[in-house]
There are 2 protein chains.
Amino acid sequence: MSNSMTRVASTAPARAKTRIQQENEARILQAALEVFSEKGFHGATLDRIAGAADMSKPNLLYYFKSKEEIHIALLTDLLDIWLAPLREISPQGSPATEIGSYIRRKLESSREFPRESRLFANEILAGAPHIAGFLQTELKQLVDEKAAILQSWIDDGQLAPCDPRHLLFAIWSTTQHYADFSVQVRHVLGLVPGDVSYYDEAARMLETLFLGRLVAPGTEG
Amino acid sequence: MSNSMTRVASTAPARAKTRIQQENEARILQAALEVFSEKGFHGATLDRIAGAADMSKPNLLYYFKSKEEIHIALLTDLLDIWLAPLREISPQGSPATEIGSYIRRKLESSREFPRESRLFANEILAGAPHIAGFLQTELKQLVDEKAAILQSWIDDGQLAPCDPRHLLFAIWSTTQHYADFSVQVRHVLGLVPGDVSYYDEAARMLETLFLGRLVAPGTEG
DNA sequence: TATCATTTTTACCGTTTGGTCAAATCTCTT
DNA sequence: AAGAGATTTGACCAAACGGTAAAAATGATA
(Lines give C-alpha, C1' and ligand atoms only; values in the text may rest on other atoms or scores of the structure.)
Protein backbone atom coordinates (compact mmCIF):
# COMPACT_ATOMS: atom_id res chain seq x y z
CA MET A 1 0.00 0.00 0.00
CA SER A 2 2.94 2.35 -0.53
CA ASN A 3 2.45 5.45 -2.56
CA SER A 4 4.47 5.88 -5.70
CA MET A 5 2.92 9.08 -7.07
CA THR A 6 3.86 11.47 -4.31
CA ARG A 7 7.34 10.12 -4.58
CA VAL A 8 9.21 12.88 -6.17
CA ALA A 9 10.02 14.19 -9.56
CA SER A 10 13.54 13.37 -10.66
CA THR A 11 14.54 17.03 -10.45
CA ALA A 12 13.25 17.71 -6.94
CA PRO A 13 15.45 16.87 -3.94
CA ALA A 14 12.80 14.54 -2.47
CA ARG A 15 13.28 14.82 1.26
CA ALA A 16 13.15 11.69 3.29
CA LYS A 17 9.77 11.05 4.78
CA THR A 18 9.04 11.77 8.39
CA ARG A 19 7.46 9.21 10.68
CA ILE A 20 4.36 11.38 10.91
CA GLN A 21 4.32 11.88 7.18
CA GLN A 22 4.40 8.14 6.53
CA GLU A 23 1.69 7.43 9.05
CA ASN A 24 -0.62 10.19 7.86
CA GLU A 25 -0.21 9.45 4.18
CA ALA A 26 -1.04 5.83 4.88
CA ARG A 27 -4.07 6.84 6.92
CA ILE A 28 -5.25 9.16 4.18
CA LEU A 29 -4.84 6.56 1.45
CA GLN A 30 -6.70 3.98 3.47
CA ALA A 31 -9.54 6.38 4.22
CA ALA A 32 -9.65 7.54 0.61
CA LEU A 33 -9.78 3.96 -0.65
CA GLU A 34 -12.76 3.35 1.59
CA VAL A 35 -14.61 6.43 0.41
CA PHE A 36 -13.66 6.39 -3.27
CA SER A 37 -14.51 2.72 -3.70
CA GLU A 38 -17.88 3.25 -2.07
CA LYS A 39 -18.91 6.59 -3.54
CA GLY A 40 -16.87 6.90 -6.71
CA PHE A 41 -14.61 9.83 -7.49
CA HIS A 42 -17.28 12.49 -7.76
CA GLY A 43 -19.35 11.09 -4.91
CA ALA A 44 -16.41 11.24 -2.56
CA THR A 45 -15.68 14.50 -0.78
CA LEU A 46 -12.49 15.68 0.84
CA ASP A 47 -14.41 16.33 4.03
CA ARG A 48 -15.52 12.72 4.10
CA ILE A 49 -12.09 11.37 3.38
CA ALA A 50 -10.56 13.65 5.98
CA GLY A 51 -13.19 12.54 8.45
CA ALA A 52 -12.51 8.89 7.73
CA ALA A 53 -8.83 9.58 8.24
CA ASP A 54 -9.67 11.40 11.49
CA MET A 55 -8.05 14.52 10.19
CA SER A 56 -9.01 18.05 9.19
CA LYS A 57 -9.39 18.84 5.51
CA PRO A 58 -6.58 21.39 5.35
CA ASN A 59 -4.33 18.93 7.10
CA LEU A 60 -5.17 16.30 4.54
CA LEU A 61 -4.34 18.77 1.78
CA TYR A 62 -1.01 19.34 3.42
CA TYR A 63 -0.06 15.81 2.41
CA PHE A 64 -1.83 15.61 -0.94
CA LYS A 65 -2.17 18.64 -3.14
CA SER A 66 -5.59 17.75 -4.46
CA LYS A 67 -8.40 15.23 -4.46
CA GLU A 68 -7.22 13.98 -7.80
CA GLU A 69 -3.71 13.39 -6.51
CA ILE A 70 -5.05 11.04 -3.85
CA HIS A 71 -7.12 9.25 -6.44
CA ILE A 72 -4.18 8.81 -8.79
CA ALA A 73 -2.00 7.60 -5.93
CA LEU A 74 -4.57 4.93 -5.10
CA LEU A 75 -4.92 3.85 -8.71
CA THR A 76 -1.20 3.60 -9.14
CA ASP A 77 -0.86 1.39 -6.10
CA LEU A 78 -3.76 -0.64 -7.39
CA LEU A 79 -2.25 -1.57 -10.71
CA ASP A 80 0.35 -3.83 -9.14
CA ILE A 81 -2.33 -5.73 -7.27
CA TRP A 82 -4.28 -6.01 -10.48
CA LEU A 83 -1.40 -7.27 -12.61
CA ALA A 84 0.28 -9.60 -10.11
CA PRO A 85 -1.95 -12.64 -10.68
CA LEU A 86 -1.63 -12.33 -14.45
CA ARG A 87 2.17 -12.08 -14.32
CA GLU A 88 2.40 -15.51 -12.75
CA ILE A 89 0.95 -17.39 -15.71
CA SER A 90 3.79 -19.54 -16.95
CA PRO A 91 4.37 -21.29 -20.27
CA GLN A 92 5.89 -24.21 -18.34
CA GLY A 93 2.66 -25.34 -16.75
CA SER A 94 -0.31 -27.02 -18.34
CA PRO A 95 -3.46 -25.13 -19.34
CA ALA A 96 -5.44 -26.72 -16.54
CA THR A 97 -2.99 -25.85 -13.78
CA GLU A 98 -2.14 -22.39 -15.06
CA ILE A 99 -5.69 -21.29 -15.81
CA GLY A 100 -6.92 -22.89 -12.62
CA SER A 101 -4.42 -21.17 -10.41
CA TYR A 102 -4.89 -17.87 -12.22
CA ILE A 103 -8.59 -18.04 -11.49
CA ARG A 104 -7.89 -18.87 -7.86
CA ARG A 105 -5.49 -15.97 -7.57
CA LYS A 106 -7.92 -13.53 -9.16
CA LEU A 107 -10.77 -14.76 -7.00
CA GLU A 108 -8.61 -14.48 -3.92
CA SER A 109 -7.73 -10.96 -5.01
CA SER A 110 -11.43 -10.10 -5.19
CA ARG A 111 -11.97 -11.45 -1.72
CA GLU A 112 -8.94 -9.78 -0.24
CA PHE A 113 -9.13 -6.44 -2.05
CA PRO A 114 -12.78 -5.76 -2.85
CA ARG A 115 -12.40 -2.03 -2.37
CA GLU A 116 -9.46 -1.88 -4.75
CA SER A 117 -11.47 -3.88 -7.27
CA ARG A 118 -14.39 -1.47 -7.01
CA LEU A 119 -12.06 1.49 -7.33
CA PHE A 120 -10.73 -0.04 -10.53
CA ALA A 121 -14.23 -0.79 -11.79
CA ASN A 122 -15.30 2.79 -11.12
CA GLU A 123 -12.32 4.09 -13.03
CA ILE A 124 -13.00 1.87 -16.05
CA LEU A 125 -16.70 2.70 -16.01
CA ALA A 126 -15.81 6.38 -16.01
CA GLY A 127 -13.84 5.81 -19.21
CA ALA A 128 -10.47 5.17 -17.57
CA PRO A 129 -9.42 8.84 -17.67
CA HIS A 130 -6.39 8.26 -15.44
CA ILE A 131 -5.22 4.82 -16.50
CA ALA A 132 -5.87 4.80 -20.24
CA GLY A 133 -2.12 4.87 -20.81
CA PHE A 134 -1.59 1.92 -18.53
CA LEU A 135 -4.27 -0.09 -20.29
CA GLN A 136 -2.85 0.63 -23.72
CA THR A 137 0.76 -0.07 -22.83
CA GLU A 138 1.63 -2.16 -19.79
CA LEU A 139 -1.59 -4.13 -19.61
CA LYS A 140 -1.85 -4.63 -23.37
CA GLN A 141 1.75 -5.83 -23.50
CA LEU A 142 1.28 -8.28 -20.67
CA VAL A 143 -1.98 -9.53 -22.15
CA ASP A 144 -0.33 -10.05 -25.54
CA GLU A 145 2.48 -11.93 -23.87
CA LYS A 146 0.21 -14.21 -21.87
CA ALA A 147 -2.19 -14.62 -24.77
CA ALA A 148 0.72 -15.99 -26.77
CA ILE A 149 1.22 -18.66 -24.12
CA LEU A 150 -2.45 -19.60 -24.28
CA GLN A 151 -2.27 -19.58 -28.07
CA SER A 152 0.58 -22.08 -27.99
CA TRP A 153 -1.62 -24.39 -25.94
CA ILE A 154 -4.37 -23.97 -28.48
CA ASP A 155 -1.93 -24.86 -31.25
CA ASP A 156 -0.95 -27.92 -29.22
CA GLY A 157 -4.54 -28.97 -28.99
CA GLN A 158 -4.48 -28.64 -25.22
CA LEU A 159 -6.93 -25.78 -25.31
CA ALA A 160 -10.04 -25.25 -27.38
CA PRO A 161 -9.68 -22.80 -30.28
CA CYS A 162 -10.62 -19.33 -29.11
CA ASP A 163 -9.24 -15.84 -28.86
CA PRO A 164 -7.05 -16.11 -25.75
CA ARG A 165 -7.57 -12.46 -24.92
CA HIS A 166 -11.29 -13.05 -24.65
CA LEU A 167 -10.56 -15.99 -22.41
CA LEU A 168 -8.73 -13.59 -20.15
CA PHE A 169 -11.68 -11.21 -20.29
CA ALA A 170 -13.93 -14.03 -19.15
CA ILE A 171 -11.66 -14.78 -16.21
CA TRP A 172 -11.45 -11.13 -15.24
CA SER A 173 -15.16 -10.56 -15.42
CA THR A 174 -16.27 -13.66 -13.54
CA THR A 175 -13.78 -13.22 -10.73
CA GLN A 176 -14.07 -9.46 -10.34
CA HIS A 177 -17.85 -9.75 -10.40
CA TYR A 178 -17.76 -11.11 -6.86
CA ALA A 179 -16.11 -7.94 -5.61
CA ASP A 180 -17.69 -5.30 -7.87
CA PHE A 181 -21.24 -6.67 -7.80
CA SER A 182 -21.09 -8.16 -4.31
CA VAL A 183 -24.18 -6.23 -3.30
CA GLN A 184 -26.20 -7.86 -6.06
CA VAL A 185 -24.72 -11.27 -5.33
CA ARG A 186 -25.67 -10.99 -1.68
CA HIS A 187 -29.16 -9.74 -2.35
CA VAL A 188 -29.84 -12.53 -4.81
CA LEU A 189 -28.42 -15.17 -2.50
CA GLY A 190 -30.24 -13.70 0.48
CA LEU A 191 -27.13 -12.97 2.49
CA VAL A 192 -26.52 -10.18 4.96
CA PRO A 193 -24.26 -7.26 4.00
CA GLY A 194 -21.01 -8.47 5.53
CA ASP A 195 -21.26 -12.08 4.43
CA VAL A 196 -18.64 -13.30 1.95
CA SER A 197 -19.36 -17.00 2.30
CA TYR A 198 -20.26 -17.25 -1.36
CA TYR A 199 -16.62 -17.38 -2.41
CA ASP A 200 -16.29 -21.11 -1.87
CA GLU A 201 -19.22 -21.87 -4.12
CA ALA A 202 -17.93 -19.31 -6.60
CA ALA A 203 -14.59 -21.08 -6.76
CA ARG A 204 -16.32 -24.41 -7.46
CA MET A 205 -18.46 -22.85 -10.16
CA LEU A 206 -15.54 -21.26 -11.94
CA GLU A 207 -13.49 -24.44 -11.78
CA THR A 208 -16.32 -26.38 -13.39
CA LEU A 209 -16.82 -23.67 -15.96
CA PHE A 210 -13.23 -23.11 -17.01
CA LEU A 211 -11.64 -26.48 -16.36
CA GLY A 212 -14.49 -28.94 -16.60
CA ARG A 213 -17.45 -29.27 -18.83
CA LEU A 214 -20.68 -27.54 -17.96
CA VAL A 215 -23.17 -29.07 -20.39
CA ALA A 216 -23.08 -32.84 -20.70
CA PRO A 217 -21.98 -34.04 -24.15
CA GLY A 218 -24.47 -35.60 -26.53
CA THR A 219 -27.35 -33.40 -25.45
CA GLU A 220 -26.66 -30.40 -27.63
CA GLY A 221 -29.35 -31.25 -30.19
CA MET B 1 -37.97 3.55 -23.00
CA SER B 2 -41.22 4.75 -21.46
CA ASN B 3 -41.19 6.25 -18.06
CA SER B 4 -43.14 4.60 -15.30
CA MET B 5 -42.09 6.70 -12.32
CA THR B 6 -43.50 10.06 -13.32
CA ARG B 7 -46.73 8.35 -14.13
CA VAL B 8 -49.07 9.32 -11.42
CA ALA B 9 -49.91 8.40 -7.91
CA SER B 10 -53.15 6.54 -7.59
CA THR B 11 -54.78 9.46 -5.74
CA ALA B 12 -53.79 12.22 -8.20
CA PRO B 13 -55.91 12.86 -11.29
CA ALA B 14 -52.92 12.30 -13.61
CA ARG B 15 -53.57 14.57 -16.58
CA ALA B 16 -52.99 13.17 -20.00
CA LYS B 17 -49.57 14.03 -21.36
CA THR B 18 -49.15 16.79 -23.87
CA ARG B 19 -47.26 16.26 -27.10
CA ILE B 20 -44.55 18.63 -25.89
CA GLN B 21 -44.45 16.92 -22.53
CA GLN B 22 -43.92 13.52 -24.10
CA GLU B 23 -41.23 14.79 -26.44
CA ASN B 24 -39.35 16.69 -23.76
CA GLU B 25 -39.49 13.95 -21.17
CA ALA B 26 -38.11 11.54 -23.74
CA ARG B 27 -35.36 13.97 -24.68
CA ILE B 28 -34.47 14.49 -21.04
CA LEU B 29 -34.33 10.78 -20.28
CA GLN B 30 -32.18 10.13 -23.31
CA ALA B 31 -29.80 12.93 -22.39
CA ALA B 32 -29.72 11.85 -18.77
CA LEU B 33 -28.95 8.27 -19.75
CA GLU B 34 -26.01 9.50 -21.76
CA VAL B 35 -24.64 11.61 -18.95
CA PHE B 36 -25.42 9.34 -15.99
CA SER B 37 -23.97 6.26 -17.68
CA GLU B 38 -20.81 8.15 -18.51
CA LYS B 39 -20.25 10.17 -15.34
CA GLY B 40 -22.20 8.31 -12.69
CA PHE B 41 -24.86 9.88 -10.51
CA HIS B 42 -22.64 12.29 -8.64
CA GLY B 43 -20.49 13.10 -11.66
CA ALA B 44 -23.52 14.09 -13.67
CA THR B 45 -24.85 17.63 -13.31
CA LEU B 46 -28.25 19.02 -14.15
CA ASP B 47 -26.59 21.65 -16.31
CA ARG B 48 -24.89 18.94 -18.35
CA ILE B 49 -28.04 16.88 -18.72
CA ALA B 50 -30.01 19.97 -19.65
CA GLY B 51 -27.35 20.90 -22.17
CA ALA B 52 -27.38 17.42 -23.68
CA ALA B 53 -31.17 17.70 -23.94
CA ASP B 54 -30.75 21.15 -25.51
CA MET B 55 -32.81 22.69 -22.77
CA SER B 56 -32.37 25.09 -19.88
CA LYS B 57 -31.97 23.71 -16.40
CA PRO B 58 -35.15 25.24 -14.98
CA ASN B 59 -37.04 23.93 -17.97
CA LEU B 60 -35.71 20.46 -17.30
CA LEU B 61 -36.81 20.78 -13.69
CA TYR B 62 -40.25 21.64 -14.92
CA TYR B 63 -40.58 18.05 -16.13
CA PHE B 64 -38.68 16.26 -13.38
CA LYS B 65 -38.75 17.52 -9.84
CA SER B 66 -35.18 16.59 -9.06
CA LYS B 67 -32.00 15.00 -10.32
CA GLU B 68 -32.80 11.89 -8.33
CA GLU B 69 -36.23 11.59 -9.94
CA ILE B 70 -34.63 11.42 -13.38
CA HIS B 71 -32.19 8.83 -12.14
CA ILE B 72 -34.89 6.67 -10.64
CA ALA B 73 -36.99 6.96 -13.80
CA LEU B 74 -34.05 5.68 -15.83
CA LEU B 75 -33.35 2.82 -13.45
CA THR B 76 -36.98 1.77 -13.45
CA ASP B 77 -37.09 1.64 -17.22
CA LEU B 78 -33.82 -0.25 -17.14
CA LEU B 79 -35.00 -3.13 -15.01
CA ASP B 80 -37.26 -4.49 -17.72
CA ILE B 81 -34.41 -4.53 -20.20
CA TRP B 82 -32.28 -6.26 -17.62
CA LEU B 83 -34.81 -8.95 -16.73
CA ALA B 84 -36.20 -9.69 -20.19
CA PRO B 85 -33.48 -12.13 -21.33
CA LEU B 86 -33.67 -14.07 -18.08
CA ARG B 87 -37.44 -14.40 -18.23
CA GLU B 88 -37.19 -16.32 -21.48
CA ILE B 89 -35.31 -19.28 -20.03
CA SER B 90 -37.69 -22.19 -20.39
CA PRO B 91 -37.82 -25.58 -18.68
CA GLN B 92 -38.94 -27.09 -21.98
CA GLY B 93 -35.65 -26.57 -23.79
CA SER B 94 -32.36 -28.34 -23.27
CA PRO B 95 -29.52 -26.87 -21.22
CA ALA B 96 -27.44 -26.24 -24.33
CA THR B 97 -30.14 -24.39 -26.23
CA GLU B 98 -31.48 -22.45 -23.24
CA ILE B 99 -28.13 -21.41 -21.84
CA GLY B 100 -26.82 -20.69 -25.30
CA SER B 101 -29.66 -18.45 -26.26
CA TYR B 102 -29.66 -16.75 -22.88
CA ILE B 103 -26.01 -15.85 -23.38
CA ARG B 104 -26.76 -14.59 -26.88
CA ARG B 105 -29.61 -12.47 -25.59
CA LYS B 106 -27.53 -11.01 -22.78
CA LEU B 107 -24.63 -10.30 -25.10
CA GLU B 108 -26.97 -8.68 -27.58
CA SER B 109 -28.36 -6.61 -24.73
CA SER B 110 -24.84 -5.43 -23.91
CA ARG B 111 -24.25 -4.44 -27.50
CA GLU B 112 -27.59 -2.74 -27.92
CA PHE B 113 -27.85 -1.05 -24.53
CA PRO B 114 -24.32 -0.37 -23.31
CA ARG B 115 -25.33 2.86 -21.59
CA GLU B 116 -28.13 1.15 -19.73
CA SER B 117 -25.70 -1.56 -18.67
CA ARG B 118 -23.23 1.00 -17.36
CA LEU B 119 -26.00 2.84 -15.55
CA PHE B 120 -26.89 -0.43 -13.85
CA ALA B 121 -23.26 -1.17 -13.06
CA ASN B 122 -22.82 2.26 -11.53
CA GLU B 123 -25.87 1.74 -9.37
CA ILE B 124 -24.68 -1.64 -8.12
CA LEU B 125 -21.18 -0.36 -7.49
CA ALA B 126 -22.65 2.47 -5.45
CA GLY B 127 -24.34 -0.13 -3.25
CA ALA B 128 -27.65 -0.26 -5.13
CA PRO B 129 -29.28 2.47 -3.01
CA HIS B 130 -32.27 2.78 -5.34
CA ILE B 131 -32.81 -0.80 -6.47
CA ALA B 132 -31.99 -2.82 -3.38
CA GLY B 133 -35.65 -3.69 -3.07
CA PHE B 134 -35.82 -4.88 -6.65
CA LEU B 135 -32.75 -7.07 -6.19
CA GLN B 136 -34.11 -8.65 -3.04
CA THR B 137 -37.60 -9.31 -4.35
CA GLU B 138 -38.26 -9.43 -8.09
CA LEU B 139 -34.77 -10.38 -9.17
CA LYS B 140 -34.25 -12.87 -6.37
CA GLN B 141 -37.59 -14.50 -7.13
CA LEU B 142 -36.87 -14.81 -10.81
CA VAL B 143 -33.39 -16.14 -10.13
CA ASP B 144 -34.75 -18.73 -7.73
CA GLU B 145 -37.29 -19.76 -10.33
CA LYS B 146 -34.79 -20.10 -13.14
CA ALA B 147 -32.21 -21.68 -10.86
CA ALA B 148 -34.76 -24.40 -10.14
CA ILE B 149 -34.92 -25.14 -13.86
CA LEU B 150 -31.16 -25.38 -14.07
CA GLN B 151 -31.15 -27.54 -10.97
CA SER B 152 -33.56 -29.97 -12.59
CA TRP B 153 -31.13 -30.32 -15.47
CA ILE B 154 -28.35 -30.99 -12.99
CA ASP B 155 -30.47 -33.66 -11.36
CA ASP B 156 -31.06 -35.15 -14.83
CA GLY B 157 -27.33 -35.29 -15.42
CA GLN B 158 -27.64 -32.88 -18.32
CA LEU B 159 -25.70 -30.22 -16.51
CA ALA B 160 -22.59 -30.48 -14.35
CA PRO B 161 -23.22 -30.21 -10.60
CA CYS B 162 -22.90 -26.59 -9.54
CA ASP B 163 -24.84 -23.85 -7.83
CA PRO B 164 -27.13 -22.66 -10.64
CA ARG B 165 -27.24 -19.16 -9.24
CA HIS B 166 -23.49 -18.88 -9.61
CA LEU B 167 -23.84 -20.09 -13.16
CA LEU B 168 -26.16 -17.17 -13.74
CA PHE B 169 -23.62 -14.85 -12.11
CA ALA B 170 -21.01 -16.12 -14.54
CA ILE B 171 -23.27 -15.42 -17.49
CA TRP B 172 -24.13 -11.98 -16.23
CA SER B 173 -20.55 -11.00 -15.57
CA THR B 174 -19.06 -12.25 -18.82
CA THR B 175 -21.72 -10.70 -21.01
CA GLN B 176 -22.07 -7.40 -19.18
CA HIS B 177 -18.31 -7.06 -19.11
CA TYR B 178 -18.34 -6.16 -22.79
CA ALA B 179 -20.55 -3.16 -22.10
CA ASP B 180 -19.31 -2.06 -18.68
CA PHE B 181 -15.60 -2.56 -19.33
CA SER B 182 -15.68 -1.80 -23.04
CA VAL B 183 -13.00 0.84 -22.62
CA GLN B 184 -10.60 -1.70 -21.19
CA VAL B 185 -11.55 -4.29 -23.80
CA ARG B 186 -10.85 -1.85 -26.58
CA HIS B 187 -7.58 -0.64 -25.14
CA VAL B 188 -6.31 -4.18 -24.68
CA LEU B 189 -7.41 -5.23 -28.15
CA GLY B 190 -5.99 -2.05 -29.69
CA LEU B 191 -9.31 -0.84 -31.06
CA VAL B 192 -10.48 2.73 -31.55
CA PRO B 193 -13.15 4.16 -29.20
CA GLY B 194 -16.23 3.52 -31.32
CA ASP B 195 -15.33 0.03 -32.45
CA VAL B 196 -17.58 -2.79 -31.23
CA SER B 197 -16.29 -5.45 -33.60
CA TYR B 198 -15.17 -7.59 -30.67
CA TYR B 199 -18.68 -8.87 -30.06
CA ASP B 200 -18.43 -11.65 -32.65
CA GLU B 201 -15.30 -13.05 -31.08
CA ALA B 202 -16.85 -12.59 -27.65
CA ALA B 203 -19.85 -14.67 -28.69
CA ARG B 204 -17.57 -17.46 -29.93
CA MET B 205 -15.57 -17.40 -26.71
CA LEU B 206 -18.62 -17.58 -24.49
CA GLU B 207 -20.13 -20.40 -26.52
CA THR B 208 -16.95 -22.41 -26.17
CA LEU B 209 -16.76 -21.61 -22.48
CA PHE B 210 -20.34 -22.34 -21.49
CA LEU B 211 -21.40 -24.94 -24.03
CA GLY B 212 -18.19 -26.61 -25.09
CA ARG B 213 -15.08 -27.64 -23.27
CA LEU B 214 -12.22 -25.25 -22.85
CA VAL B 215 -9.40 -27.45 -21.58
CA ALA B 216 -8.87 -30.68 -23.46
CA PRO B 217 -9.58 -33.78 -21.38
CA GLY B 218 -6.79 -35.99 -20.16
CA THR B 219 -4.35 -33.15 -19.64
CA GLU B 220 -5.45 -32.02 -16.20
CA GLY B 221 -2.56 -33.74 -14.42
C1' DT C 1 -58.74 36.41 -32.18
C1' DA C 2 -59.41 36.20 -27.26
C1' DT C 3 -58.56 33.18 -23.52
C1' DC C 4 -56.46 30.08 -20.65
C1' DA C 5 -53.20 26.54 -19.60
C1' DT C 6 -48.80 25.10 -20.73
C1' DT C 7 -44.14 25.91 -21.48
C1' DT C 8 -39.82 28.58 -21.31
C1' DT C 9 -36.72 31.95 -19.59
C1' DT C 10 -34.34 35.15 -16.49
C1' DA C 11 -32.70 36.11 -12.28
C1' DC C 12 -31.69 34.40 -8.16
C1' DC C 13 -30.75 31.57 -3.63
C1' DG C 14 -28.57 28.64 -0.10
C1' DT C 15 -25.45 24.95 0.27
C1' DT C 16 -21.64 22.21 -0.75
C1' DT C 17 -17.33 21.66 -2.66
C1' DG C 18 -12.30 21.79 -3.58
C1' DG C 19 -8.89 24.50 -2.18
C1' DT C 20 -5.98 28.58 0.16
C1' DC C 21 -3.66 31.16 3.74
C1' DA C 22 -1.55 32.62 7.74
C1' DA C 23 -1.26 31.88 12.35
C1' DA C 24 -0.64 28.60 15.95
C1' DT C 25 1.13 24.36 17.67
C1' DC C 26 3.95 20.52 17.88
C1' DT C 27 8.40 17.68 17.17
C1' DC C 28 12.85 16.95 16.65
C1' DT C 29 17.55 18.17 17.02
C1' DT C 30 21.31 20.50 19.11
C1' DA D 1 15.83 24.75 26.72
C1' DA D 2 15.91 26.99 22.39
C1' DG D 3 15.53 27.27 17.69
C1' DA D 4 14.14 25.43 13.18
C1' DG D 5 11.34 22.88 10.65
C1' DA D 6 7.27 20.14 10.38
C1' DT D 7 2.50 19.81 11.34
C1' DT D 8 -2.16 21.31 12.50
C1' DT D 9 -5.86 24.44 12.78
C1' DG D 10 -9.55 27.94 11.94
C1' DA D 11 -11.14 31.28 9.02
C1' DC D 12 -12.04 32.00 4.64
C1' DC D 13 -12.97 32.03 -0.69
C1' DA D 14 -14.65 31.43 -5.40
C1' DA D 15 -16.93 28.29 -8.16
C1' DA D 16 -20.23 24.84 -8.98
C1' DC D 17 -24.14 22.72 -7.55
C1' DG D 18 -29.29 21.53 -7.06
C1' DG D 19 -33.15 23.92 -6.91
C1' DT D 20 -36.87 28.05 -6.74
C1' DA D 21 -39.91 31.99 -8.08
C1' DA D 22 -42.12 34.80 -11.05
C1' DA D 23 -42.57 36.81 -15.24
C1' DA D 24 -42.59 36.20 -20.18
C1' DA D 25 -43.63 33.56 -24.18
C1' DT D 26 -45.85 30.03 -26.49
C1' DG D 27 -49.41 26.69 -27.67
C1' DA D 28 -54.08 24.89 -27.77
C1' DT D 29 -58.99 25.81 -27.90
C1' DA D 30 -63.23 27.94 -28.57
_Between P on D/dA16 and NZ on B/Lys67, what's the gap in Å once rounded to a whole number?_
15 Å

*Between C/dT10, C/dT8, D/dT7, spot the one nearest the side chain of B/Tyr63, thanks.*
C/dT8

*Does a nitrogen or oxygen in the side chain of B/Thr18 sit under 4.0 Å from OP1 or OP2 of C/dT7?*
yes

*Can you check whether A/Arg19 has a side-chain N or O nearer than 4.0 Å to OP1 or OP2 of C/dC28?*
yes

_Rounded to whole Å, please give me the gap between CE in B/Met55 and P in C/dT10._
15 Å

*asked:* What is the distance, to the nearest angstrom, from the CD1 atom on B/Ile20 to the C1' atom on D/dA25?
replied: 12 Å

*Taking atom C1' of C/dG18 as reference, at what distance in whole Å does atom CZ of A/Phe36 sit?*
11 Å

*asked:* If you compare every side-chain N and O of B/Arg48 against the phosphate oxygens of D/dC17 (OP1, OP2), does one of them come in below 4.0 Å?
replied: no

*Could you tell me if the ring centre of B/Tyr178 sits under 6.0 Å from that of A/His166?*
yes

*Report which part of the nucleic acid B/Leu46 touches: base, sugar-phosphate, or nothing (heavy-atom distance under 4.0 Å, all strands).*
sugar-phosphate

*Starting at atom CG of A/Asp47, determine the distance to atom C1' of D/dC12, rounded to an integer number of angstrom.*
14 Å

*asked:* With a 4.0 Å cutoff (strictly under), does any side-chain N or O of B/Tyr62 reach OP1 or OP2 of C/dT7?
replied: yes

*C/dG19, D/dG10, D/dG18: which one has an atom nearest the side-chain heavy atoms of B/Lys57?*
D/dG18

*Would you indicate what B/Ser56 reaches in the nucleic acid, counting non-hydrogen atoms under 4.0 angstrom: base, sugar-phosphate, or nothing?*
base

*Please give, in whole Å, the distance from D/dT7 P to A/Phe64 CZ?*
13 Å

*If you measure only the distance, is there a donor-acceptor pair under 3.5 Å linking the side chains of A/Ser182 and A/Arg118?*
yes

*Which part of the nucleic acid, if any, lies within contact of A/Leu61, taking any heavy atom under 4.0 Å across all strands shown: a base, the sugar-phosphate backbone alone, or nothing?*
base

*Starting at atom CG of A/Asn59, determine the distance to atom C1' of D/dT7, rounded to an integer number of angstrom.*
7 Å

*Can you tell me if A/Lys67 uses its side chain to pair, donor with acceptor, with the backbone of A/Leu46 under 3.5 Å?*
no

*Calculate the interatomic distance between A/Gln22 atom CD and C/dT27 atom C1'; express it in whole Å.*
16 Å

*Side-chain N or O of A/Asn24 closer than 4.0 Å to phosphate OP1/OP2 of D/dT8*: yes

*Relative to the ring of B/Phe120, is the ring of A/Phe181 parallel (under 30°), tilted (30 to 60°) or perpendicular (over 60°)?*
tilted

*asked:* I'd like to know if A/Asp47 pairs up with A/Lys57 as an ion pair, taking the criterion as any Lys NZ or Arg NE/NH1/NH2 lying under 4.0 Å from an Asp or Glu carboxylate oxygen.
replied: yes

*Touch check for B/Ala50, heavy atoms < 4.0 angstrom, all strands: base, sugar-phosphate only, or nothing?*
nothing

